[in-house]
Amino acid sequence: MWVSEIMLQQTRVETVIPYFEAWLRRFPTIGKLAEAEEQEVLRLWQGLGYYSRARNLHRAAREVMRRYDGEIPGDPTTLETLPGIGPYTSGAVASIAFQVPVPAVDGNARRVLSRLTDDPDPGWPTLRRWASALIDPEAPGDFNQALMELGSKICSPRRPKCGECPLSDFCAARRAGTQSERPAPRRRRSVPRLVEAVAVLLCEARPSRSGSDDVDSTTPTRRVLLRRRPSTGLLGGMWEFPGGPVAAGEDPLEVARRVGRSLVSQSDGSRLERHSDCAAVDLGPVQRLRVVDHAFTHRRLQYVPFLFRLSAQGPAPEGDSELMWMDPYEAAGVPIPVAQLKVLTQVFGPTGPP
DNA sequence: GACACGTGGCC
DNA sequence: TGGCCAAGTGT
C-alpha cells in the first residue's frame with residue numbers, strides 16, 4: 001500500500017504494476033527493504049524515474065524499523081515525518097490502511113473539486129477543507145479512492161465524460177460550461193536544450209595466457225567504464241558513462257576525448273606505463289555511436305556518445321568507488337538511467353531485465 | 001512559492 | 001517531432 005502510493009506519484013498505473021510486483025517479490029517486508037543496499041533498491045526502481053522516491057522509501061523503511069519497531073505509523077502527522085511522505089501520501093496511507101478520516105487530495109481529486117466549485121485554481125488549504133467536509137468518516141479510504149477514481153476515469157483532464165458523471169447535477173463548471181478549462185493550466189517555462197558528449201571506454205581484453213582449452217580463456221572479457229553520480233540531485237546514485245557538457249560551437253568528439261583522456265591518465269604514471277595502450281585513447285579507433293535524445297521534465301538533453309576501444313583496461317582507481325569497469329553482467333546489476341541504457345545496449349546489446 | 005526531479009504515452 | 005500530461009515531495 002505504502003509502496004504503491006510512492007510508486008504512483010506522478011506515474012501511471014500500467015507503468016507501475018510490473019515494478020510493484022517485482023518489488024514485493026524482492027522486498028516482501030519493510031525489514032527486507034531496510035536491510036538492502038541502496039544500489040539494489042535503485043536497480044529495482046530503474047526506469048521508473050524520480051529516483052529520490054526510491055532513496056527516500058529506503059531511508060523511511062530503515063527509520064520505521066529503528067524508531068517504530070517495524071510498524072508503519074497510522075497517524076498522518078507521524079507519517080509525514082518520514083522521508084518521501086508528504087500531505088497526499090500521509091492522507092492516503094492513513095485513510096486507506098488505518099481508516100483515519102483525513103483527506104488525500106491528489107491531482108485527480110483536485111481536478112474534481114476544482115470543477116465542482118468552478119474554482120480555476122483552488123489552494124491546497126481550500127482543497128483540504130472541501131475534501132474534509134465531504135469525506136465519509138465511516139469509510140474515509142473508500143471516499144478518498146472514489147474521489148481520485150472519479151477524477152481519473154470520468155472527470156478526466158481532457159474531454160470529461162460528464163454524461164456518465166454521478167455528480168454532474170451538482171457541478172458548477174458543468175453548469176457554466178467551463179469544465180474543460182478547470183483547473184486552469186499552469187504555465188510552463190521553456191526547457192533548455194543541452195548537448196552532452198559521452199565517452200564509452202571499452203576494453204576487450206583477450207586472456208594473455210595461451211594453451212588452455214578453457215572456453216573462458218578464448219572469450220574476450222568486455223568491460224566498459226561507468227561512473228556513479230553523486231547520491232543527491234538529478235539521477236542521484238545512478239551509474240552512467242562519463243561525459244561532459246558541450247558548449248555551443250564546441251566539437252562533441254573533442255569533449256569526449258578530453259573526458260576519456262582524463263580518465264585513463266588520472267592515476268599515477270607507473271600504472272599508465274603498464275597500460276600504455278590506454279594512452280591510445282586519443283589515437284585509437286573512435287566509433288561514433290547513435291545519438292540519444294532524452295527529454296526530462298525540466299531540460300532536454302542530447303547525448304552524443306563515442307566509443308573508444310582500448311586494448312587494455314585502464315587503471316581502475318582503487319578506493320574510487322565512483323568509477324568502475326564493468327562487464328555486461330555487472331552492468332546489468334547496477335542502476336542505470338534509461339537514456340544511458342540506450343547507449344549501453346549499443347555496446348553490449350540487450351542486457352538483463354528492464 | 002518557485003523550482004528540481006524521470007519517464008512513457010498521447011496527439 | 002515536440003509539447004503536454006500523469007496518483008507529489010524536498011529544498
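The chains referred to below are lettered A, B, ... by the order of the sequence lines, with proteins before strands, and numbering in each begins at 1.
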Let me know the distance between [atom1] of [X] and [atom2] of [N], rounded to the nearest Å.
| X | N | atom1 | atom2 | answer |
| --- | --- | --- | --- | --- |
| A/Tyr51 | B/dA4 | OH | C1' | 16 Å |
| A/Asp293 | B/dG8 | CG | P | 14 Å |
| A/Leu48 | C/dA6 | CG | C1' | 13 Å |
| A/Asp121 | B/dG1 | CG | P | 10 Å |
| A/Leu79 | C/dG10 | CG | P | 12 Å |
| A/Arg55 | B/dA4 | CZ | C1' | 12 Å |
| A/Met238 | B/dT7 | CE | C1' | 11 Å |
| A/Leu234 | B/dC3 | CG | P | 17 Å |

Looking for any heavy atom pair under 4.0 Å, which part of the strands does [X] touch: base, sugar-phosphate only, or nothing?
| X | answer |
| --- | --- |
| A/Ala295 | base |
| A/Arg299 | sugar-phosphate |
| A/Arg111 | sugar-phosphate |
| A/Gly151 | nothing |

Does any donor atom in the side chain of A/Glu80 or A/Ser90 lie under 3.5 Å from an acceptor atom in the other side chain? yes

State, without any angle test, whether A/Tyr88 and A/Glu5 hold a side-chain donor-acceptor pair at a distance under 3.5 Å.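 Checked: A/Tyr88/A/Glu5 side chains pair up, N/O donor to acceptor below 3.5 Å.
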
Should the pair A/Phe306 and A/Phe308 be assigned to parallel (<30°), tilted (30 to 60°) or perpendicular (>60°) ring geometry?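 A/Phe306 vs A/Phe308 ring planes: tilted.
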
Between A/Gly86 and A/Thr297, whichever has its closest DNA chain C nucleotide further toward 5' is A/Thr297

Would A/Thr78 and A/Arg67 satisfy side-chain contact (heavy atoms from CB on, under 4.5 Å), going step by step from the backbone distance to the final call? CA-CA 11 Å; A/Thr78 310; A/Arg67 293 184 52 181; over 6 Å; no

Taking everything shown except A/Glu14 itself, do over 12 heavy atoms lie less than 6.0 Å from its CD? yes

Determine the Euclidean distance between corresponding [atom1] atoms of [M] and [N]; express it in Å to zero decimal places.
| N | M | atom1 | answer |
| --- | --- | --- | --- |
| C/dT9 | B/dG8 | P | 22 Å |
| C/dC4 | B/dC3 | P | 16 Å |
| B/dC5 | C/dG2 | P | 23 Å |

I want to check one thing: is the phosphate of [N], taken as OP1 and OP2, less than 4.0 Å away from some side-chain N or O of [X]?
| X | N | result |
| --- | --- | --- |
| A/His294 | B/dT7 | yes |
| A/Arg53 | C/dG10 | no |
| A/His298 | B/dC5 | yes |

[options]: which one has an atom nearest the side-chain heavy atoms of [X]?
| X | options | answer |
| --- | --- | --- |
| A/Tyr50 | C/dG8, C/dG2, B/dT7 | C/dG8 |
| A/Asp106 | B/dT7, C/dG10, C/dG8 | C/dG8 |
| A/Pro87 | C/dT9, B/dA4, B/dT7 | C/dT9 |
| A/Pro185 | C/dC5, C/dT9, B/dG6 | C/dC5 |

Check: A/Tyr88 side chain, C/dG8 base, donor-acceptor under 3.5 Å: no

Using the salt bridge (Lys or Arg N to Asp or Glu O under 4.0 Å) rule, take A/Arg222 and A/Glu204 through it: C-alpha gap first, then chi angles, then the decisive distance, then the call. CA-CA 5 Å; A/Arg222 308 162 69 222; A/Glu204 293 177 291; 3.8 Å; yes

Hey, mind stepping through A/Arg193 and A/Gln302 against side-chain contact (heavy atoms from CB on, under 4.5 Å) and telling me if it holds? CA-CA 8 Å; A/Arg193 312 169 82 90; A/Gln302 187 171 57; over 6 Å; no

Apart from A/Ile135 itself, which Ile, Leu, Val, Met, Phe, Trp or Tyr residues share its cluster (side-chain heavy atoms under 4.5 Å, direct or through members)? A/Val105, A/Val112, A/Leu113, A/Leu116, A/Trp124, A/Leu127, A/Trp130, A/Leu134, A/Phe143, A/Leu147, A/Leu150, A/Ile154, A/Leu167, A/Phe170

Salt-bridge present (A/Arg110, A/Asp121; N to O < 4.0 Å): yes

For DNA chain C, the residues among residues 4-16 of chain A that have a non-hydrogen atom under 4.0 Å from it: A/Leu8, A/Gln9, A/Gln10, A/Arg12, A/Val13

